[in-house]
Amino acid sequence: LKIIYLVMDKEIIKEACVESFSEAYRASQLGANRLELCSDLHNSGTTASFGTAKQCKKKLNIPLSCIIRPRKGNFVYDSNEVDIMINDITHLINYVNVDGIVIGALTKEGFIDIITTKKLIDIAKELNKEISVTFHMAFDEIKDNDVNWKDNIEILIKLGCDRILTKGGKTNAIEGKDNIKKYIEYANKRIVIMPGGGVNSENYKELIEYTGAKEVHGTN
């Protein structure tokens with residue numbers, strides 16, 4: 001696991017995406033200052049075990065966010081899957097005291113599922129008003145994002161998201177850096193735009209300098 005290690009700017013937040021406690025521990029030792037814990041990263045991540053999350057929070061002195069995703073595949077969820085996500089959020093906040101949740105839901109038509117997203121955010125913030133909410137790379141799958149990305153950013157701001165994790169609509173963040181730069185400039189610090197996907201110790205500097213990003217997300 002390669003972890004982005006930044007010494008040029010102490011304000012940069014280095015988030016490491018990890019699948020196990022051992023990966024989380026190593027990431028913390030290598031300079032990560034926030035963790036995103038998930039399982040099945042090969043399929044873009046699903047919710048990790050309660051035990052793993054609890055051990056990370058107990059043993060590691062850096063903020064912990066957990067992805068809330070009940071299965072691999074698309075980001076369209078039925079009522080049972082929404083209930084599962086609500087239960088996971090409730091347990092992770094009440095019994096693990098996680099610092100953040102990472103969510104993303106789309107409609108069958110390919111747009112932001114405002115109802116489900118609002119429900120998940122409202123429940124999380126009722127349990128902990130300080131909880132950090134990230135809308136994950138489902139953002140890159142939004143049907144009209146190529147032309148209506150401004151509207152989609154505005155929707156997520158109004159819903160109460162704190163950041164958007166994105167590849168800029170491309171295969172990876174380097175290929176999507178032009179879009180990421182536009183997102184960051186448009187957001188104007190109202191919501192964090194966090195590049196992720198293919199970001200590592202060899203390319204993070206280029207990405208930060210080009211886009212103006214203040215947070216980066218690395219997985220390898």
Side-chain angles (χ1 to χ4, degrees), residues 2-6 8-17 32-34 36 38 41 44-45 63 65 67-69 74-76 100-114 116-118 120-121 132-220:
K2 296 180 182 177
I3 301 301
I4 303 159
Y5 186 65
L6 307 179
M8 63 181 209
D9 189 342
K10 292 182 179 179
E11 294 182 357
I12 298 295
I13 292 177
K14 302 96 63 178
E15 179 176 279
C17 186
N33 48 24
R34 188 170 67 218
E36 183 201 88
C38 68
L41 185 56
S44 300
S65 293
I67 194 167
I68 307 298
R69 188 173 177 226
N74 62 32
F75 303 106
V76 181
I101 59 168
V102 183
I103 62 172
L106 303 180
T107 66
K108 291 179 181 178
E109 294 74 26
F111 304 109
I112 296 171
D113 185 340
I114 294 174
T116 297
T117 303
K118 185 177 188 303
L120 297 179
I121 292 173
S132 178
V133 178
T134 300
F135 195 91
H136 58 50
M137 289 179 186
F139 184 79
D140 295 316
E141 304 297 323
I142 300 172
K143 182 177 181 180
D144 65 345
N145 224 22
D146 54 339
V147 292
N148 290 329
W149 56 270
K150 290 181 180 179
D151 292 340
N152 294 324
I153 289 175
E154 292 296 338
I155 288 170
L156 295 177
I157 290 172
K158 290 176 182 177
L159 287 172
C161 287
D162 297 289
R163 73 182 48 75
I164 298 169
L165 173 61
T166 177
K167 299 179 288 187
K170 303 296 182 179
T171 304
N172 57 60
I174 296 299
E175 291 183 9
K177 65 182 182 179
D178 288 332
N179 285 337
I180 292 170
K181 182 178 181 179
K182 289 193 301 185
Y183 300 164
I184 290 172
E185 291 173 350
Y186 176 77
N188 194 28
K189 300 181 180 179
R190 295 176 299 146
I191 189 170
V192 174
I193 306 296
M194 181 170 63
V199 181
N200 56 47
S201 58
E202 297 177 358
N203 60 26
Y204 75 85
K205 185 175 180 180
E206 169 195 348
L207 193 60
I208 290 169
E209 291 179 347
Y210 187 82
T211 65
K214 292 297 183 181
E215 301 189 9
V216 287
H217 173 96
T219 55
N220 61 4

Take a 6.0 Å sphere around NZ of K182 and say whether it holds more than 12 heavy atoms from other residues, nucleotides or ligands.
yes
Do the non-hydrogen side-chain atoms of V216 and I13 ever get within less than 4.5 Å of each other?
no
Using 0.5 Å steps for rounding, measure from the CG atom of N179 to the OH atom of Y186.
15.0 Å
Any side-chain heavy atom of N152 within less than 4.5 Å of one from I112?
yes
Closest non-hydrogen contact found for L41 with C17 is CD1-SG, 3.7 Å
Non-hydrogen side-chain atoms of N74 and L106 separated by less than 4.5 Å:
no
Would you compute the distance between atom CE of M194 and atom CZ of F135 and round it to the nearest 0.5 angstrom?
13.0 Å
The reported gap from OG in S44 to CE in M137 (rounded to nearest 0.5 angstrom) is 8.0 Å
Flag the pair D162 / V192 as yes when at least one side-chain heavy-atom distance between them is below 4.5 Å, and no otherwise.
no
Value for CD1 (I193) from CD (E185), rounded to nearest 0.5 Å, stands at 11.5 Å
Kindly determine whether R190 and E154 satisfy side-chain contact (heavy atoms from CB on, under 4.5 Å), including the steps that lead there.
CA-CA 9 Å; R190 295 176 299 146; E154 292 296 338; 2.8 Å; yes
Would you indicate whether the side-chain heavy atoms of H217 and P195 approach each other to under 4.5 Å?
no
So, N200 side chain and N203 main chain: donor-acceptor pair closer than 3.5 Å or not?
yes
As an exercise, state the distance from CZ of F111 to CG of N148, rounded to the nearest 0.5 Å.
8.0 Å
Report the distance from atom NZ of K177 to atom CG of N172, rounding to the nearest 0.5 Å.
10.5 Å
Test side-chain contact (heavy atoms from CB on, under 4.5 Å) on V76 and D113; report intermediate values, then the result.
CA-CA 8 Å; V76 181; D113 185 340; over 6 Å; no
Side-chain touch I103/R69, heavy atoms, less than 4.5 angstrom
no
With a 6.0 Å cut-off on ring centres, are Y183 and F139 close enough?
yes
Using a strict 4.0 Å threshold on nitrogen-to-oxygen distance, state whether R34 and E15 make a salt bridge.
yes
Between R163 and S132, do the side chains contain a donor N or O and an acceptor N or O under 3.5 Å apart?
yes
Per the side chain to side chain contact (heavy atoms under 4.5 Å, CB included) rule, which among V102, I67, I68 passes with C38?
I67
4.5 Å side-chain heavy-atom contact, I12 and E215:
no
Side-chain donor/acceptor of H136 to backbone N/O of G104, under 3.5 Å
yes
Closest approach of A173 to V199 (non-hydrogen atoms, all atoms of both residues):
CB-CG2, 3.8 Å
Could you tell me whether the side chain of C161 reaches within less than 4.5 Å of the side chain of T134, counting heavy atoms only?
no
